[in-house]
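Single-structure report; data block below.
Proteins come first, then strands; the chains are lettered A, B, ... in the order of their sequence lines, and each starts at number 1.
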Amino acid sequence: MPTPKHGTKPEPSKHPLRNKRAFQNALIRWFETHGKDYPWRQTTDPWAILVSEIMLQQTQVSTVLGNQENHARGGHFARFIALYPCPRAMAEASEQEILKAWEGLGYYRRARNLHAAARAITHEYNGVFPLSHDLILALPGIGPYTAGAVSSFAYNDAQAIVDANVARVFSRLFDFQERIDTGRGQKQLWQWARELVSNSNPRAYNSALMELGQTHCSNRSPDCMLCPVRHFCQSSKPESLPVKKAATKATRTTEHALFCQDAHSRILLSKEPEGKRREGMWHLPRRQQSDTQDLPVTLSTKYTITRYQVTLHIHRCHPDAVTLESHDQWHTIETLENLPMPSPDRRALEHLIQEAQA
DNA sequence: CAGACGTGGGT
DNA sequence: TACCCAAGTCT
């Protein structure tokens with residue numbers, strides 16, 4: 001149970017909509033002093049901003065920036081932009097190459113949609129990034145949040161945005177006791193967002209709103225004492241907001257996979273077919289439990305994918321005894337390093353290869 | 001509208 | 001450990 005530091009309100013609450021300009025100014029002034037200096041805030045190139053926004057969908061800043069090793073090289077974002085500095089560069093790349101560049105970020109459909117968007121910009125707009133919010137919104141993988149974010153951050157257009165941060169900030173600011181994960185709730189949030197967006201500096205205002213949700217107005221323990229808009233906040237129990245349906249708990253499942261190495265040290269992998277989860281990604285071949293029960297387990301590991309908590313048992317298997325299925329293929333250790341692979345399989349494989357070579 | 005879709009960090 | 005959840009979108 002978090003202890004909110006909301007408590008004292010030095011002066012009567014000012015309603016944000018009745019004091020709109022004051023609210024915007026307080027937020028923007030705070031951001032200009034305390035805002036963080038992310039790589040995507042150092043550019044107004046709509047392509048770079050789009051790439052950052054797609055990467056940041058349901059993904060924390062620290063993940064996009066990467067661990068310290070990645071961070072030194074600029075993280076996923078800088079590496080991706082270096083690889084694909086413009087839509088045309090990405091349009092010309094293969095899907096496998098792009099998935100590999102996306103490896104570790106998850107939600108791989110985002111990478112395929114971004115590829116499709118890059119091709120659309122290249123071929124339908126002759127490589128020129130669309131200038132209007134509505135044309136941006138029409139691109140694949142871009143919804144109302146991302147269209148508003150790109151329009152405001154790249155073009156300084158006064159477009160509203162509502163993401164998880166903004167939803168939390170507004171639910172507290174307006175003491176919104178209804179669920180936010182419904183059509184009604186979303187409609188209300190977007191209305192407030194449109195009413196409050198700054199016309200004079202939408203770029204800074206939108207950045208500030210999101211940054212506030214990440215810092216003072218965070219999920220677990222809101223820190224209201226130093227909040228730049230505390231005088232506008234209508235909520236006396238900010239830690240209880242926003243209201244939404246409880247997440248469904250993870251279901252536990254078990255998977256069985258093969259670690260099969262032939263006489264040339266090649267390893268058997270399987271490519272996920274079209275229409276399946278993690279389409280286009282390579283992984284250790286999965287098998288029914290009945291097909292692996294006589295094979296020794298060489299490694300067991302756990303991972304979470306969406307709402308499943310998976311225990312993965314990897315069985316060692318003789319190359320002569322294996323029955324190849326339609327998407328199975330042998331790969332040398334050198335080539336498999338360039339294959340797009342989900343993190344759990346990548347980690348397990350690294351461990352097993354290291355073990356085999358020791 | 002509910003559920004699917006990945007992963008790593010925080011508590 | 002176990003669970004929550006984060007710069008959403010699509011079906």
Would you indicate what [X] reaches in the nucleic acid, counting non-hydrogen atoms under 4.0 angstrom: base, sugar-phosphate, or nothing?
| X | answer |
| --- | --- |
| Lys302(A) | nothing |
| Arg112(A) | nothing |
| Tyr303(A) | nothing |

Evaluate whether atom CD of Gln288(A) has more than 12 neighbouring non-hydrogen atoms of other residues, nucleotides or ligands under 6.0 angstrom away.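 Counting neighbours around CD of Gln288(A), 12 or fewer heavy atoms of other residues, nucleotides or ligands fall under 6.0 Å, so no.
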
Is there any salt bridge (charged side-chain N to carboxylate O under 4.0 Å, His left out) pair reaching into residues 318-328 of chain A, and which pairs are they, with sequence neighbours excluded?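 Listed once each, the pairs are Arg287(A)-Glu325(A), Arg287(A)-Asp328(A).
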
Show me the donor-acceptor pairs, under 3.5 Å and distance only, between side chains in residues 54-61 of chain A and residues at least two apart or in other chains.
unit_1	atom_1	unit_2	atom_2	d
Gln57(A)	NE2	Thr146(A)	OG1	3.0
Thr59(A)	OG1	Met55(A)	O	3.4
Thr59(A)	OG1	Gln57(A)	O	2.8
Thr59(A)	OG1	Arg110(A)	NH1	3.1

Using a strict heavy-atom distance below 4.0 Å, which residues from residues 336-347 of chain A are in contact with DNA chain C?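 Residues of residues 336-347 of chain A under 4.0 Å from DNA chain C: none.
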
Rounding to the closest angstrom, what is the interatomic distance between dA4(B) and dC4(C) at atom P?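 It works out to 16 Å between them.
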
Could you give the distance separating dA7(C) and dG3(B) at their P atoms, to the nearest angstrom?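 23 Å, rounded to whole Å.
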
Tell me, please, which residues at least two apart from Phe153(A) pass ring pair (Phe, Tyr, Trp, His ring centres under 6.0 Å).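 Listed in chain order: nothing, the list is empty.
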
Candidate pair Glu337(A) and Ile333(A), rule side chain to side chain contact (heavy atoms under 4.5 Å, CB included), full reasoning: CA-CA 7 Å; Glu337(A) 284 172 8; Ile333(A) 296 196; 4.1 Å; yes

Applying a strict under-4.5 Å side-chain criterion to I, L, V, M, F, W and Y, I'd like to know whether Leu212(A) and Ile180(A) cluster together.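 Linked, Leu212(A) and Ile180(A) end up in one cluster.
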
Rounding to a whole Å, what distance do you find between [X]:[atom1] and [N]:[atom2]?
| X | N | atom1 | atom2 | result |
| --- | --- | --- | --- | --- |
| Tyr308(A) | dC5(B) | OH | P | 7 Å |
| Leu114(A) | dC5(B) | CG | C1' | 17 Å |
| Gln186(A) | dC1(B) | CD | P | 10 Å |
| Arg184(A) | dC1(B) | CZ | C1' | 16 Å |
| Lys276(A) | dA4(B) | NZ | P | 15 Å |

With a 4.5 Å limit on heavy-atom distance, are the side chains of Val162(A) and Tyr145(A) in contact?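 The answer is no; the side chains never approach within 4.5 Å.
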
Which sits closer to the 5' end of DNA chain B, Leu105(A) or Arg179(A), going by the nucleotide each is nearest to?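 Whichever sits nearer the 5' end wins; that is Arg179(A).
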
By nearest heavy atom, map Thr248(A) and Tyr108(A) onto DNA chain B; which one lands nearer the 5' end?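 The residue whose closest nucleotide sits nearer the 5' end is Thr248(A).
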
Residues in salt bridge (Lys or Arg N to Asp or Glu O under 4.0 Å) with Arg266(A), at least two apart?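 Per chain and number, Arg266(A) pairs via salt bridge (Lys or Arg N to Asp or Glu O under 4.0 Å) with Asp262(A).
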
Just to confirm, is there a sub-4.0 Å distance from OP1 or OP2 of dT7(B) to any side-chain nitrogen or oxygen of Arg307(A)?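 For dT7(B), neither OP1 nor OP2 has a side-chain N or O of Arg307(A) closer than 4.0 Å.
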
Can Trp30(A) and Val229(A) be said to form a side chain to side chain contact (heavy atoms under 4.5 Å, CB included), step by step? CA-CA 9 Å; Trp30(A) 166 77; Val229(A) 292; over 6 Å; no

At under 4.0 Å between heavy atoms, which parts of nucleotides 5-11 of chain C does protein reach? Answer with one letter per nucleotide, 5' to 3': B base, S sugar-phosphate only, - none. SBBBBS-

